[in-house]
Structures are given as C-alpha cells and as structure tokens.
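Here the structure comes first, spelled out in structure tokens, and everything after it is commentary.
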Amino acid sequence: MLDMKFVRENADAVRRGAELKKTPADVNAVLALDEERRSLVTRVEELKQQRNSLSEQVGKLMKARENADSLKQQVRELGDEIKGLDERLAGIEPQLREMLLGIPNIPHESVPPGESEEDNKVLREWGTKPGFDFKPLPHWEIGEKLGIINFEQGAKISGSGFIVYAGGGARLQRMLINFMLDMHTSQHGYQEVLPPYVVNRDTMTGTGQLPKFEDQAYCVKPDDLFLIPTAEVPVTNLRREEILGDQELPLYYVAYTPCFRREAGAAGRENRGITRIHQFDKVEMVKMVRPEDSYKELETLLQQAEDVLQALNLHYRVVEICTADLGFSNAKQYDLEVWAPGMDRYLEVSSCSNFTDYQARRAGIRFRRDAKAKPEFVHTLNGSGLALPRTMIAVLESYQRADGQVTIPDVLRPMFGRDIL
RNA sequence: GGAGAGGUGGCCGAGUGGUUGAAGGCGCUCGCCUCGAAAGCGAGUUUACCUGCAAGGGUAACCAGGGUUCGAAUCCCUGCCUCUCCGCCA
C-alpha cells in the first residue's frame, strides 16, 4: 500500500498512476476519510490529555484522604465521551486502510504507457527457434507417448487440472529444480529457504493475496490456513514486521515450493496440457534491498532468471510490461517468455517485478541505515527462476526428436545420468 | 490431545493498581580522556500517529483482543505463542 501522507501530498500523481494502470481508485474518498480521521484523532487526544491530568489529581486527592467524588464524576463523563470517539475511530481506521489498499502502486516513469497487454514491448530475443525436419508435437502428446505425464491419473485422484509425473518426467522435474536452486545459490548469491506450503491469514494478507483474491486460494478450513499460491508469500513474509540492520541488506532468498491455485474463472481457456494447472512447482527469487538500489536489482534479477533459460539453451524473449498490464503492486515488471515449438507460441515462465516500498509497507518490512537513523521501508522484488511446468514444456518440445524421444539438455546430463528421457 | 509454567525495550531482567515508556545490567551511539586503543567518566539510546514553519507539545503501545476502575504492564475473561512432563505419530 501507499503511504497515507504520500497520497495526501501527491494526490495527482496517485490518480495518474491508477489511470495508467486502468485501475479505478477513488482517491478523493480516501482523502476525505483521512481528513475525518485526523480531526477525530486530534479531538480525542485532547480529551485524553484532560483525562490523564484529572486522573492524576484524583490520585493525589485520594492519597491526601480528601474527597474526590466530583472530580471522579467529571473524569467518568470524559471517559464516556472518549469511548464514543474511540469507537468511531475504530470504525474508520480499518476502512481507511482498506481503501488505501485499493490504490495501486504507481508505475515507474520508465514503464511504457499502454492500453492493454497488446502494448507490452518485446525488448529482445535470445537464441533462435529450433528447427525440425518433422512436425514438432505439443508436450501433452510427447508426455503421454512416453508415459511421463499422466493426466487421467491426476484427474482421478485430485481432479481436473492436476497431473502426475512419472518415470523420466518426474526425474527431469526434480533435476530442473535442483539445477535452478544450485545456480541461484552458488552463482547468484541467494540463500536457499524451504518454507511451509501452508500459511495463515496474516501472511496471505501481508503480500496482498487477501482479502481481494480469497477465491483464488485453496483454504484448509478448520485451521483457517491457506495453501500458498507462490513461494513469494511465505518468503516475503519471513521478515514481516521486522526492522533489519543495514548490513543485512541486500537480502536474497530463493525457494523451491509447489504452488496451489484454484484458477477460478480460468477454466476452458486455451490451456491444454500443463500450461495452467492447479498445483505446480516453482523456484522463486525474492529480494529485499535498499530503496536506491531496487531498479538496478530488478535488472540483475531479470538476468538471473535469463541465466537459467540460457543454460538450458531455450529460446525466449524479454517483454517489458506496459502500464495497463502491470500488476497492482508493481512499479515495473519484465516477463520472460519461452518458446514452445509444439504449441507454436511463447509461454510466460518468469515474471520479475519491483514492488518498491508498496509491499514492504503492507508487510511492515523496514531497515535502519545506522543506529540513529529512522527506520525506512525496504524495496522488495521477486521473480520466478523459473516456473517448472512451462520450463518442462519448453524442454520437452524443444528437445524432442523424430523418434518420439526427448534429448536431455547438456547441463542436466551429469545429474540426470543419461542423455535421453 | 492431557497436565503444568510462562510471554515486559536490541538482549538479560525488575516491576501486582497512581508522574513506570517502563529500575538495574549488557549491548549500541556520541563526547571527554589517550599518540592510538582498552579501561574509566559523562550524555544519549522504542515505535506509530496527531499538532506545529520550527523548537516543541500531545496520544497510544509492556503477546493480541475484550472487561473492571477516576486511573492497568500490574486485577478479570478470551485467543495466540513458547517451554517442561505425559500420550500419539512420519
């Protein structure tokens, strides 16, 4: 969320930002409620000051064994008035917070303007589309033929949108996860964490999944816990409500987790195969950095995600997301889209975002530059490094052979132990 | 799951109704001292919000939420968490 003071002092910039994002946001209503809150606070604090000093006098009188009844009565009446005002405040404050949460982060000035995702800008391409002397199959056909992806079993035991990897498929998936984690920890300086896959309501709220997207999450009802939709949720919340030391920054976390998404409303789209499933694996990078470094850190984050694709020798392109397609909390975002020759299209495998202080304010993640300095909010970033199903799609489809077999990418061979699936 | 104990500032640790935002110690910051350092001495050391041009003033917070009271870190209730013992279990 944005800082109330910032909204008050930069109302126009906030309005413009929401417009650019095509997100309706009633800034005036927020300003009005803020005004009301402040006048209420001022009044109630005055009354409390009176109560405190009168109450102190009561104490003195009673100690001196003098009669304090009329004073007591006076304080009691003050107390009633305070109670009323406090209750009104207690009603307004959550409402104000909620309205503030409805205002999106402001896009960075470098973000290209746009009307829809059509206006996203392809910045560059890496590698070339692989050529085939046969018609490349889509991954679901490869998967079924080789018996490494089983859709029926997934549907049987869990439901549509769940899959079972078997044999070389399961093994390849595990190797890919290993490979990514190893790269990010040993070459990119990340600390690996293995968080819980189920989190509480506060955690889901801290990163913004709740209350707005409750219908997208799987809920463990008796315990009011939620299956994580991405590792971003537990990992970003690791430091929730903390004040970090300057020497701790920048913090780089990488986590492998499964991700669970109900995808309510997404059913029936052109999502054959495993492009969009309810449970998938992902390696996620999360950064907490000093504000002045965040845009530089976004570039390295992007590069680190690209490194994975390059090591796997998969053709991809880098897309700069335009203002209209930018996520609600994002100030700037790049997507990596990998080429899937069997599907004849690009698939988003990574999304690298700079949230500036928007997410950190909501989650209360701060740092102190030195012992005397005021705490400041960190900037948070995250990026997939990478999403497994779509990486798997790209590998299967790009490395397929005329005989139906799939070659194992060079970098994975030592780990995998053989050169075909 | 059963029984018990406990949750106070960066840390340790006092505090059971009235200038206690909180003793004392440690740590940390600044200053003095020193060629420099240590020791020693002195000062300072939570956060959020409101108000003010500023200096400053004020309110709130001792796990969280309610309650009692003129007044609560201190009393009562509920919840959460931690620890110990028992049970169960990958």
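Chain naming here is simple, since letters A, B, ... match the order of the sequence lines and numbering starts at 1 in each. Only heavy atoms go into these numbers, but all of them, side chains included; no hydrogens, no water, no symmetry mates.
- Interface residues of residues 79-103 of chain A facing RNA chain B, ordered by number: none; criterion, heavy-atom separation under 4.0 Å.
- Taking 4.0 Å as the cut-off between side-chain N and carboxylate O, A:Lys296 and A:Glu299 do not count as a salt-bridged pair.
- Atom pair A:Asp69:CG and B:rU69:C1' shows a separation of 14 Å (rounding to whole Å applied).
- Remark: B:rC33 base-pairs with no nucleotide in the shown strands. Criterion, Watson-Crick or G-U wobble with two distances under 3.5 Å.
- B:rG24 and B:rC63: their C1' atoms are spaced 24 Å apart (whole Å).
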Just do the side-chain contact (heavy atoms from CB on, under 4.5 Å) check on A:His139 and A:Met343 with the steps written out, would you?
-> CA-CA 8 Å; A:His139 65 278; A:Met343 297 176 80; 3.7 Å; yes
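- Nucleotides B:rC49 and B:rC81 have their P atoms positioned 29 Å apart, rounded to a whole Å.
- Summarising the base pairing, B:rC53 is matched to no nucleotide, lacking a Watson-Crick or G-U wobble pair whose two defining distances lie under 3.5 Å.
- A:Glu232 and A:Gln209 are not linked by any side-chain donor-acceptor pair at a separation below 3.5 angstrom, with hydrogens and angles left out of the test.
- Of all non-hydrogen atoms in A:Ile148 and A:Gly168, the two that sit nearest each other are CG2-N, 4.1 Å.
- Per the geometry, CZ belonging to A:Arg76 stands 8 Å off P belonging to B:rU69, to the nearest Å.
- Using atom C1' as the reference point in both B:rG17 and B:rU68, the two lie 11 Å apart (nearest Å).
- Sorted by residue number, the list of members of residues 196-204 of chain A with any non-hydrogen atom under 4.0 Å from RNA chain B is empty.
- For B:rG10 and B:rA22, the C1' atoms lie 16 Å apart once the distance is rounded to whole Å.
- Atom name P, nucleotides B:rA90 and B:rC28: the rounded distance is 49 Å, in whole Å.
- Nucleotide B:rC70 holds its P atom 9 Å from the CD atom of A:Gln73, rounded to whole Å.
- Rounded to an integer number of Å, the gap from CD of A:Glu241 to C1' of B:rA61 is 14 Å.
- The aromatic rings of A:Phe328 and A:Tyr358 sit perpendicular, their planes meeting at an angle over 60°, well past the 30° parallel limit.
- Across all strands shown, B:rG4 is found opposite B:rC83 as a Watson-Crick or G-U wobble partner, with both distances under 3.5 Å.
- Going from the P atom of B:rA5 to that of B:rC12 covers 22 Å, rounded to whole Å.
- Between A:His108 and A:Tyr295, the ring centre distance stays below 6.0 Å.
- Distance noted for atom C1' between B:rG79 and B:rU84: 22 Å (whole Å).
- Remark on RNA chain B: of its neighbouring residues A:Lys48 and A:Leu54, the 5'-side contact belongs to A:Lys48, judged by nearest-heavy-atom nucleotide.
- Within the structure, no pair that satisfies the salt bridge (charged side-chain N to carboxylate O under 4.0 Å, His left out) test touches residues 139-156 of chain A, not counting sequence neighbours.
- Partner assigned to B:rG21 is none, using Watson-Crick or G-U wobble distances below 3.5 angstrom.
- Residues that satisfy the side-chain contact (heavy atoms from CB on, under 4.5 Å) test with A:Arg43, not counting sequence neighbours, are A:Glu81, A:Leu85.
- Phosphate proximity of B:rU59 to A:Asn52: present, with a side-chain N or O under 4.0 Å from OP1 or OP2.
- B:rC30 sits 38 Å from B:rC83 when the P atoms are compared, rounded to a whole Å.
- Using a 4.0 Å heavy-atom criterion, one finds that A:Val75 contacts the sugar-phosphate atoms exclusively.
- The interatomic distance linking A:Gln247 (CD) with B:rC28 (P) rounds to 13 Å, in whole Å.
- In this structure, A:Glu56 atom CD and B:rC70 atom P are separated by 18 Å, rounded to whole Å.
- In a base pair of the Watson-Crick type (N1 to N3 plus N6-O4 or O6-N4) or a G-U wobble (N1-O2 and O6-N3), with each distance short of 3.5 Å, B:rC28 is matched with B:rG44.
- Between the CG atom of A:Asp224 and the P atom of B:rG79 there is a distance of 16 Å, given to the nearest Å.
- Partner assigned to B:rG9 is none, using Watson-Crick or G-U wobble distances below 3.5 angstrom.
- Of the possible donor and acceptor atoms, one in the side chain of A:Arg368 sits under 3.5 Å from a partner among the backbone N and O of A:Ala373.
- Within the cation-pi definition used here (under 6.0 Å to the ring centroid, within 45° of the axis), A:Arg261 does not qualify as a partner of A:Tyr218.
- Checked for salt-bridge contact, A:Arg361 and A:Glu376 miss the test: no charged N lies under 4.0 Å from a carboxylate O.
- Separating the CG atom of A:Leu71 from the P atom of B:rC70 is a distance of 12 Å, rounded to the nearest angstrom.
- Ring geometry, A:His184 versus A:His188: the interplanar angle falls from 30° to 60°, so the pair is classed tilted.
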Could you go through nucleotides 46-51 of chain B and list every protein N or O atom that sits under 3.5 Å from one of its N or O atoms, giving the distance for each pair?
| residue | atom | partner | partner atom | Å |
| --- | --- | --- | --- | --- |
| B:rU47 | OP1 | A:Arg368 | NH1 | 2.5 |
| B:rU47 | O3' | A:Arg366 | NH1 | 3.1 |
| B:rA48 | OP1 | A:Arg366 | NH1 | 2.9 |
| B:rC49 | O2' | A:Arg37 | NH2 | 3.0 |
| B:rC50 | OP1 | A:Arg8 | NH2 | 3.3 |
| B:rC50 | O2' | A:Thr42 | OG1 | 2.9 |

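- The pair A:Arg262-A:Asp215 fails the salt-bridge criterion, with no side-chain N (NZ, NE, NH1 or NH2) lying under 4.0 Å from an Asp/Glu carboxylate O.
- Contacts classified as salt bridge (charged side-chain N to carboxylate O under 4.0 Å, His left out) and involving residues 383-400 of chain A (residues at least two apart or in different chains) are not found.
- In this structure, B:rU78 and B:rA64 make a Watson-Crick or G-U wobble pair, each of the two defining distances being under 3.5 angstrom.
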